[in-house]
Amino acid sequence: MTDDYRLTSAQSPQSGDVAQSETQPIQQPRPATQTTAEHQLVMYSTTVSDTGYVRHNNQDSSFAGHHLAAVCDGMGGHAGGDTASTIAIRSLAHIEMDDASRSVESVATMMQRSIYAAHDAIVGQATQNPKLAGMGTTVTAISLVKNTWILAHIGDSRAYLLRDGRLIRVTKDHSYVQHLIDTGRISEAEGKNHPKRNVVMRVLGDFDIDPTPDISIRSAAPADRWLLCSDGLCGVLEDATIEEQLRDIADPEQCAQLLVSMALRAGSTDNVTAVIADAVTPLGIHRESEHNEDSVLLLGGAVVQSLQSIAESLQAHVMQAPELVEAANPAQRASQLAKSIQADANHAVPMVAAPTAVADAHEETDTPITGEIPVVHKSDGTVSRDPHDPEVADAIRDQQRETVRQKRKIHFRARTIIAVIMLIVAIGATIAGALGWRWSQQQYYVGQADGVVAIYQGVPTDVFGLRLSHEVKKTTITVKNLPSSWQEQLEKGIIADSYDDAIEHTEQIRDEAQKMRKSQNTQNKSSDTGASDGSGQFGGTEQSDDKKSESDTAKEPQA
């Protein structure tokens with residue numbers, strides 16, 4: 001068996017240093033032998049990622065290159081999972097840049113620090129945008145450096161290694177169910193259907209969880225085959241099934257296609273992503289002429305939206321990974337048909353992003369630069385995505401014109417819809433205001449004005465400073481001589497059903513006031529027959545007021 005040892009962080013995540021684990025001592029690898037270019041193993045990888053039949057969007061992201069292969073399973077809602085897994089891939093992508101001087105230890109440290117950086121970026125995004133709160137992602141990534149595999153892992157995505165025809169599950173799930181299995185509370189079989197099988201205990205993201213990844217290092221061997229996958233695949237397929245397909249299907253892309261398809265047929269309700277990476281000799285790659293595209297890297301899932309930015313950062317061509325093509329049942333065939341129709345409509349599947357510097361060096365000034373070059377099926381049966389090809393250049397210009405036309409159409413529709421909505425709201429508000437005013441002017445209430453009881457037309461309130469009532473009649477009833485409870489009611493307004501009802505209310509107030517005045521005069525006379533100023537003056541004044549003509553202060557109610 002080849003050397004296998006692990007590295008974990010003995011310091012805080014901020015340090016990013018790689019140190020020996022206290023629980024799993026490092027076995028120093030044998031001194032590396034001087035190898036020629038012919039004996040130096042290289043990695044060939046491919047990926048397939050599918051949304052599945054239940055989820056509405058793909059929150060997985062994958063990367064398949066020549067120095068890096070990775071899968072990230074995002075979580076946290078429609079936007080959150082997409083964002084988290086994309087951030088993780090973008091943070092790791094720079095490892096793909098070839099540098100022969102890199103040592104195994106430096107790349108291991110680089111992977112660890114990249115994962116910490118992704119964690120910080122995810123937390124920062126969630127802090128700035130509350131809609132992304134609670135997002136996170138798993139990370140499982142490998143790199144081949146000087147005939148040595150470096151594996152970084154956190155979460156419940158998995159890495160399998162097929163060596164000498166035997167499958168090895170290299171990673172351990174950082175999940176609640178795995179904890180129950182490790183402590184002997186449940187069996188592996190029980191964990192398959194446990195209700196909390198999706199609960200992770202370590203993950204990158206906006207959680208109070210340790211973001212330290214497991215870093216392991218092992219010597220590479222010719223014909224090593226890795227499978228990195230999200231739990232949408234390993235959660236439904238048995239290890240024996242995975243081993244059989246990895247062993248029997250030689251073509252990496254065909255094998256990835258089959259594994260994703262089998263997971264969907266087995267009832268996976270999650271996004272399903274597979275990355276297959278083979279260790280081969282450089283001669284082995286050249287023999288595979290149909291895959292001889294060493295300069296093109298593959299992205300799958302949500303991170304496809306970042307094709308151009310990753311192409312710019314790596315200064316390399318980056319391509320969207322192949323779609324799932326096998327149609328095993330009616331639902332899958334319908335899904336594939338919809339994807340094919342959309343692809344034909346866009347004339348742009350798969351998509352290739354070229355770095356601007358490379359494009360500038362090889363194309364004419366009038367050739368449009370696009371991050372998405374359409375693949376053109378030429379009349380002679382060949383396929384081209386070369387922007388210098390006249391047919392491809394025409395397709396690019398047609399695509400750009402269509403994009404501009406669609407954007408203008410969308411903007412015009414949006415402005416029209418907003419204008420119509422605003423007009424409808426304005427008309428509705430005007431009609432509602434008119435109806436409300438008309439109704440209010442059919443109402444009456446009894447209140448006070450200038451110290452006397454008065455009748456008002458309207459309602460005792462105002463809207464935005466607009467008074468919804470006006471005085472129509474004053475009486476001679478003095479408010480200050482009424483009981484305090486009556487004064488409070490008049491202050492608020494005593495609602496009447498009509499103008500006649502309001503008149504009747506004022507007469508009742510007048511009658512009650514006179515009865516109270518007479519009762520008070522009788523009490524005053526019985527207690528003090530010699531006093532005449534207080535009660536006599538009060539009565540005389542009110543009697544005088546009652547004899548005044550009310551016609552001088554009355555106003556006709558308005559219709």
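Only this structure's heavy atoms are used, side chains among them; waters, hydrogens and symmetry mates stay out.
With 3.5 Å as the limit, one finds no donor-acceptor pair spanning the side chains of Ser313 and His94. Looking at Thr109 and Arg113, their side chains never bring a donor and an acceptor atom within 3.5 Å of each other. A donor atom on one side chain and an acceptor atom on the other are not found under 3.5 Å apart for Thr140 and Ser157. Judged purely by distance below 3.5 Å, without hydrogens or angles, the side chains of Thr273 and Asp60 pair a donor atom with an acceptor atom. Side-chain contact check for His174 and Asp214: at least one donor-acceptor pair (N or O, by modelled atom type) lies under 3.5 Å. Neither side chain, Gln487 nor Glu491, offers a donor N or O lying under 3.5 Å from an acceptor on the other. Side chains of Asp82 and Asn57: a donor-acceptor N/O pair is present below 3.5 angstrom, by distance only.
Annotation: the span from His194 atom NE2 to Leu180 atom CG amounts to 5.0 Å, rounded to 0.5 Å. Rounding to the nearest 0.5 Å places CE of Met111 at 5.0 Å from CD1 of Ile95. Taking CD of Gln508 as the reference point, atom CD1 of Ile494 lies at 9.5 Å (rounded to 0.5 Å). If you take CG on Leu482 and CD on Gln448, they are separated by 9.5 Å, rounding to the nearest 0.5 Å. Summarising the geometry, atom CG belonging to Asp120 is positioned 12.5 Å from atom CD1 belonging to Ile115; distances are rounded to the nearest 0.5 Å. Distance CD/Gln489 to NE2/His505: 10.0 Å, rounded to 0.5 Å.
Using a cutoff of 4.0 Å between basic side-chain nitrogens and carboxylate oxygens, Lys172 and Asp182 are scored as salt-bridged. Salt-bridge check for Arg55 with Asp270: passed, with a basic side-chain N closer than 4.0 Å to an acidic carboxylate O.
Nearest approach of Thr506 to Ile477, heavy atoms of both residues: O-CD1, 3.5 Å. When all heavy atoms of Leu298 and Gln320 are compared, the closest pair comes out as CD2-O, 4.2 Å. The heavy-atom pair separating Leu324 from Asp50 by the smallest distance is CB-OD1, 3.7 Å. Across every non-hydrogen atom of Val479 and Val452, the tightest pair is CG2-C, 3.4 Å. In terms of heavy atoms, Pro211 sits closest to Tyr116 at O-CE2, 3.8 Å. Of all heavy-atom pairs spanning Leu92 and Ser114, the tightest one is CD2-CB, 3.8 Å.
Between Tyr445 and Tyr456, the ring planes are parallel. Angles under 30° get that label, and only those over 60° would be called perpendicular.
Distance alone, capped at 3.5 Å, places no donor-acceptor pair between the Ser268 side chain and the Ala263 backbone. Looking only at distances, no side-chain donor or acceptor of Ser91 sits under 3.5 Å from a matching main-chain atom of Ile87. Checking side-chain atoms of Ser85 against main-chain N and O of Gln59 turns up a donor-acceptor pair under 3.5 Å. Under a 3.5 Å cut-off, the side chain of Gln514 and the backbone N or O of Asp511 do not form any donor-acceptor pair. The closest donor-acceptor contact from the side chain of Thr183 to the backbone of His179 lies under 3.5 Å. The backbone N or O of Gln178 lies less than 3.5 Å from a partner atom in the side chain of Ser175, making a donor-acceptor pair. The backbone N or O of Gly155 sits less than 3.5 Å from a side-chain atom of His153, completing a donor-acceptor pair. With Thr269 contributing its side chain and Val54 its backbone, the two residues share no donor-acceptor pair below 3.5 Å. Under a 3.5 Å cut-off, the side chain of Asp73 and the backbone N or O of Thr137 do not form any donor-acceptor pair. Between the side chain of Asp231 and the main chain of Asp156, no donor-acceptor pair closer than 3.5 Å is present.
Ile417 has its side chain out of reach of Val420: every pair of non-hydrogen atoms, C-beta onward, lies at least 4.5 Å apart. No side-chain heavy atom of Met319 sits under 4.5 Å from any side-chain heavy atom of Leu307. The shortest side-chain heavy-atom distance between Val203 and Met75 falls under the 4.5 Å cut-off.
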Query raised in the report: Are Arg158 and Val71 close enough, and set up right, to give a side-chain contact (heavy atoms from CB on, under 4.5 Å), and what steps lead you there?
Result: CA-CA 9 Å; Arg158 288 183 183 175; Val71 61; over 6 Å; no
Query - Step-by-step side-chain contact (heavy atoms from CB on, under 4.5 Å) determination, Leu204 to Ile154 - result: CA-CA 8 Å; Leu204 297 190; Ile154 184 170; 4.2 Å; yes
Report task. Determine, step by step, whether Asp501 and Ser498 satisfy the side-chain contact (heavy atoms from CB on, under 4.5 Å) criterion, reporting the C-alpha distance in whole Å, the side-chain angles of both residues, the deciding distance to 0.1 Å, and the verdict. Result -> CA-CA 5 Å; Asp501 188 35; Ser498 63; 3.6 Å; yes
Query - Worked verdict on Thr86 versus Arg90 for side chain to side chain donor-acceptor pair (under 3.5 Å) - result: CA-CA 6 Å; Thr86 298; Arg90 293 182 63 170; over 6 Å; no
Report task. List the steps, then state whether side-chain contact (heavy atoms from CB on, under 4.5 Å) holds for Phe63 with Thr47. Result -> CA-CA 7 Å; Phe63 185 100; Thr47 181; over 6 Å; no
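Within a 6.0 Å sphere centred on CZ of Arg405, other residues, nucleotides and ligands contribute more than 12 heavy atoms.
Among Ile495, Asp497, Val459, the one residue that satisfies the side chain to side chain contact (heavy atoms under 4.5 Å, CB included) test with Gln443 is Val459.
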